[in-house]
> 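Attaching a single structure in structure tokens format; questions to follow.
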Amino acid sequence: MDCTVVSYAVYLPIATGLTIWVARTLTKNGRIFLADVFAGDEKLADAVNHLLVVGFYLLNLGFVALWMKTDQQVIGTQGVFDALSIKLGTVLLVLGGMHLANVYVLNRIRRRGALERQQRPPVAPQGYTAYQPAQG
């Protein structure tokens, strides 16, 4: 059997499995974070969590599929391991980058929401005072 085909046969299930594992981990652990981001709105947190996971799958599995092809002929066992290390290492870096980008964006949203909650008065104003220009 051609070693290039062997490298494809090993790469695809490993890269897909890693993508699924990371997505499930992010889904499970990200739900709590999203509930905090959206001020306890569980339904909104679940909906956004699901949409983020779908986008994560589409982007990463698309990358895995595009990155599978190799331009060089893979020769021998060492060639299979060389090709796999480059391809799987790149997939892991992309998965990590996507994770960090998601956390960064969600943290910015969370901070903005926390600032808005701090700036609102606890009770509505009961009256207003007229403007008095400073004398002096």
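If you read the sequence from its start, that first residue is 1, and numbering goes on from there.
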> Between Leu59 and Phe56, is there a shared hydrophobic cluster once you connect ILVMFWY residues whose side-chain heavy atoms come closer than 4.5 Å?
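Linked, Leu59 and Phe56 end up in one cluster.
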> Group every Ile, Leu, Val, Met, Phe, Trp and Tyr by side-chain heavy-atom contacts under 4.5 Å, then state whether Trp67 and Ile14 land in the same group.
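Result: yes, single cluster for both.
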> Quick check on side chain to side chain contact (heavy atoms under 4.5 Å, CB included): which of Leu95, Leu92, Thr27 does Val22 satisfy it with?
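With Val22 as partner, Leu95, Leu92, Thr27 yield a single side chain to side chain contact (heavy atoms under 4.5 Å, CB included), made by Leu95.
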> Are more than 12 heavy atoms, taken from residues, nucleotides or ligands other than Gln78, located less than 6.0 Å from that residue's CD atom?
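Check fails, neighbour count at 12 or below.
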> Which residue pairs satisfy the salt bridge (Lys or Arg N to Asp or Glu O under 4.0 Å) criterion with at least one member in residues 46-55, sequence neighbours excluded?
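Listed once each, the pairs are Arg31-Asp46.
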> What residues form a ring-ring contact (aromatic ring centres under 6.0 Å, His included) with Phe33, not counting sequence neighbours?
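With neighbours one apart ignored, the set is empty.
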> Without swapping roles, check the side chain of Thr16 against the backbone of Pro13 for a donor-acceptor pair under 3.5 Å.
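No; zero donor-acceptor contacts below 3.5 Å.
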> Do Val91 and Leu61 share a hydrophobic cluster, counting only Ile, Leu, Val, Met, Phe, Trp and Tyr and linking them when any side-chain heavy atoms are less than 4.5 Å apart?
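No, it is not one cluster - the side chains of Val91 and Leu61 are not joined through contacts under 4.5 Å.
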> Is Lys87 reaching over with its side chain to a backbone N or O of Tyr11, donor-acceptor style, under 3.5 angstrom?
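The answer is no, because no donor-acceptor pair under 3.5 Å joins these two groups.
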> Consider only side-chain heavy atoms of I, L, V, M, F, W and Y, link residues closer than 4.5 Å, and tell whether Leu88 and Leu12 are in one cluster.
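Yes.
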> Other members of the hydrophobic cluster containing Leu58, with the 4.5 Å side-chain heavy-atom rule, please.
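Besides Leu58, the hydrophobic cluster comprises Val54, listed by chain and residue number.
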> Does the Asn29 side chain pair with the main chain of Thr25, one donor and one acceptor, at a distance under 3.5 Å?
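Yes, Asn29 side chain to Thr25 backbone: donor-acceptor pair under 3.5 Å.
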> Are more than 12 heavy atoms, taken from residues, nucleotides or ligands other than Phe81, located less than 6.0 Å from that residue's CZ atom?
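Result for CZ/Phe81: open.
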> Please step through side chain to side chain contact (heavy atoms under 4.5 Å, CB included) for the pair Asp36 and Ile32, ending with a clear verdict.
CA-CA 6 Å; Asp36 183 46; Ile32 297 166; over 6 Å; no
> Quick one: does Thr19's side chain have a donor or acceptor within less than 3.5 Å of a partner on Asn60's backbone?
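No; judged by distance alone, with no hydrogens or angles, the pair does not exist.
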